[in-house]
Undergrad: 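Sharing a structure with you now.
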Amino acid sequence: MTVSVPDTPARPRVLSGMQPTDALHLGNYLGALRQWVARQDEQDALFCVVDLHVLTVPEAIDPHLLRHRSRAVAALYFACGLDPERNVVFVQSHVPEHAECSWLLTCTTPLGWLYRMTQFKSKSEGRESVGTGLLTYPVLQAADILLYDTDEVPVGEDQVQHVELTRDIATRFNRLFGDTFVLPKAVIPTAGARIMGMDDPTVKMSKSIMAERPGHGIGLLDSPNVLKKTIMSAVTDSEREFRSEHASPGVRNLLVILQALTAEPMPEIEARFAGRGYGDLKKAVLEAVTETVTPIRERFDALMGDPAELDAILARGAAAARERAAATLARVKAALGVGT
Ligand code: AMP
Ligand code: TRP
């Protein structure tokens, strides 16, 4: 039986997602969300809240909290400017085709490919027992992407390896079972693709560290007081004033944040702060962050105040996503000889 892959549409087909683990941070915004919003007129896009991925750390499952966070992360997508009329926004578990496709792809993915993933290595390191889902996590992510004939996956730098694996999984499947999947590519932003921790600029800003260490991350929903504390106590170095030739990783991170938020060219920022104390740089970062997150926080509060409306938007999103996912899944099953 021949299976045909649809032609690439005029507007690139885009899919991305985030885990509803906890409050989102500035790295999520600059690395991913902001580019989702910026290009929403030029693309045919779907964005999901990947709640099934949270189950890969079973110790952390809290049913009530997970349901709440899935809704909250969707609300944050909208608060950051994603328009539900121009994009399909949904919760991954509301579209059962993701889990089904994931199994089919699990069977065609070599185990060695999964052991090589750096996220698996770092998350399983030093732990006595890890769930199988932590290893097969990228296969579910591949299903998320491949189900929608995705051309582009806008993500932060840390996800590039997973998108490349998705491409490998699709290429292998197409070779073994005939042309079925469109090959996606990762798209990372030019500024802000990797924001580092404020308390430790040698590690990327991450939700899991934020949960343990106040002062690590800049939360998009942090109060003005918390923002001030986090940014003004960011780690820099023992120099007294800024010199671009000697900028330490902490100072570089502050510059990158400022550049990403203000779109001012880096040489101009460096010239402006040359010879000035780090306090001035931090104040400028605080101001730029506050200007960005204040309206987001206000819109978020308004959206969370109307859960029925939020649920209605997500139900519409899931129905629209399902229609597309079902068509692709039918192709995959036909290629494998399963299903009716
Ligand atoms: P996660 O927080 O792992 O669910 O990531 C959601 C999205 O945010 C993905 O596209 C990541 O690549 C991106 N992201 C996460 N942390 C950072 C960071 N520190 N800097 C830039 N992008 C990030
Ligand atoms: N693994 C991604 C992260 O941790 C989240 C994710 C799941 C995703 N499915 C996806 C991102 C599909 C892009 C496309 O950030």
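FYI, side chains are in, hydrogens and waters are out, and symmetry mates aren't considered; it's all heavy atoms of this structure. In listed order, ligands and their atoms are each counted from 1.
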Undergrad: Looking only at protein heavy atoms, which one is nearest to atom 23 (C) of ligand 1, and how far off is it?
TA: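 Here the nearest protein heavy atom works out to G27 O, 3.4 Å.
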Undergrad: Below 3.5 Å, can you tabulate the donor-acceptor pairs from side chains in residues 220-231 to any protein atom, sequence neighbours excluded?
TA:
from: D222; atom 1: OD2; to: G219; atom 2: N; distance (Å): 2.8
from: S223; atom 1: OG; to: V226; atom 2: N; distance (Å): 3.3
from: T230; atom 1: OG1; to: V226; atom 2: O; distance (Å): 2.8

Undergrad: Under 4.0 Å from a heavy atom of G31: which atoms of ligand 1 are those, numbered in the order shown and with their elements?
TA: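 Contacts of ligand 1 toward G31, numbered from 1: 21 (C), 22 (N).
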Undergrad: Considering only the protein, which heavy-atom contact is closest to atom 16 (N) of ligand 1, and what is its distance?
TA: H25 CE1, 3.5 Å
Undergrad: Give the residues near ligand 2 by chain and number, with the criterion being a heavy-atom distance under 4.0 Å.
TA: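 These residues qualify: L15, S16, G17, Q19, V50, H53, Y137, Q141, D144, I145, V153, V155, Q159.
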Undergrad: Hey, does S206 sit under 4.0 Å from ligand 1 if you only count heavy atoms?
TA: no
Undergrad: Please list all pairs passing the ring-ring contact (aromatic ring centres under 6.0 Å, His included) test where one or both residues lie in residues 123-169, with sequence neighbours left out.
TA: H53-Y137, F90-Y148, H98-Y148, Y137-H162
Undergrad: Taking atom 3 (O) of ligand 1 as the reference point, report whether a protein heavy atom occurs under 4.0 Å from it.
TA: no
Undergrad: Which residue owns the protein heavy atom closest to atom 8 (O) of ligand 1, what's the atom, and how far is it?
TA: N28 ND2, 3.0 Å
Undergrad: Provide the full list of salt bridge (charged side-chain N to carboxylate O under 4.0 Å, His left out) pairs with a residue in residues 78-107, sequence neighbours left out, each pair given once.
TA: D41-R86, D83-R86, E97-R322, E100-K333
Undergrad: Could you list which atoms of ligand 1 come closer than 4.0 Å to a heavy atom of G192?
TA: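 So the atoms of ligand 1 that pass are 21 (C).
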Undergrad: Determine whether any heavy atom of S16 lies closer than 4.0 Å to an atom of ligand 1.
TA: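 Not so, S16 does not reach ligand 1.
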Undergrad: Under 3.5 Å, is there a donor-acceptor pair between the Y278 and D237 side chains?
TA: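 Yes, a side-chain donor-acceptor pair sits under 3.5 Å.
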Undergrad: Answer side chain, backbone, both or neither: which part of R194 comes under 4.0 Å from ligand 1, heavy atoms only.
TA: backbone
Undergrad: So which heavy atom in the protein is nearest atom 12 (O) of ligand 1, and how far is it from that ligand atom?
TA: D158 OD1, 2.4 Å
